Amino acid sequence: TSPAAPGCAVHGALVEWGGRRLDAIRIEAGPAGYTGRVRFEGRGVVGLRGGRLLSDGRLRVEPGRAAWVLRETEATGAAAQAAEDRSLGSILTLLRGTVEPRDVRVGWVPALPVRVEGWGPVPAATAAIRSP
């Protein structure tokens, strides 16, 4: 959580699979909602699910709602190099029905290459998926 956005939380996930990388940020808005800028470093395709972009480029998430900000790029090997942590199996729920758990190496990184206004570095659960 952040003192700049009381009641809000930010979670991160990094998934690498088949030569592609997906960075995902989930912003959970508190009672006052969330309004701020979200910027990824570097290039890649960026998408938004939930929330809305304001005319000044800031993201608005309504009170009590959540939004995902996603970026797809080429894989860098970051997920495979992340500190392994099998307790982070919760990331597997994002991949349910897509991969076998035995083919996924889960871990964490202390910071994604993204800046979310009102927060410091966004840590992330990671999943490196071995292609069959």
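As the structure is a prediction and not an experimental result, all values here were calculated from the model.
Annotation: the span from Arg71 atom CZ to Arg43 atom CZ amounts to 11.5 Å, rounded to 0.5 Å. A distance of 10.0 Å separates CG of Leu112 from CD of Glu41, quoted to the nearest 0.5 Å. Taking CH2 from Trp68 and CD1 from Ile25, the interatomic distance works out to 9.0 Å, rounded to the nearest 0.5 Å. With rounding to the nearest 0.5 Å, the separation of CZ in Arg26 from NE2 in His11 is 7.0 Å. Here the CG-CG distance, from Leu14 to Leu22, works out to 8.0 Å after rounding to the nearest 0.5 Å.
Taking both residues in full, the closest heavy atoms of Leu70 and Ala24 are given as CD2-CB, 3.4 Å, listed atom of the first, atom of the second, then distance. Pairing each heavy atom of Ala13 with each of Ala124, the nearest pair is N-CB, 3.7 Å. Scanning all heavy atoms of the two residues, the minimum distance from Ala67 to Gly51 falls at CB-N, 3.9 Å. Shown here for Trp119 and Cys8, the closest heavy-atom pair between the two residues is CH2-CB, 3.5 Å. Closest non-hydrogen pair, Ala80 versus Glu16, comes out as N-OE1, 4.3 Å. Among all heavy-atom pairs drawn from Pro121 and Ala111, the shortest one is CB-CB, 3.7 Å.
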Mind running side-chain contact (heavy atoms from CB on, under 4.5 Å) on Val69 and Val114 for me, showing each step along the way? CA-CA 10 Å; Val69 184; Val114 64; over 6 Å; no
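The local environment of CZ in Arg20 is crowded, with over 12 non-hydrogen atoms from other residues, nucleotides or ligands closer than 6.0 Å. The number of heavy atoms from other shown groups lying within 6.0 Å of CZ (Arg60) is above 12.
A salt bridge links Glu62 with Arg52: at least one charged nitrogen is closer than 4.0 Å to a carboxylate oxygen.
Between the side chain of Arg37 and the backbone N or O of Glu117 there is no donor-acceptor pair closer than 3.5 Å. Side-chain atoms of Thr126 come within 3.5 Å of backbone N or O of Gly107 as a donor-acceptor pair. Checked by atom type and distance alone, the side chain of Glu72 never pairs as donor or acceptor with a backbone atom of Val45 at under 3.5 Å.
In the hydrophobic cluster analysis, where Ile, Leu, Val, Met, Phe, Trp and Tyr join through side-chain heavy atoms closer than 4.5 angstrom, Val116 is grouped apart from Leu54.
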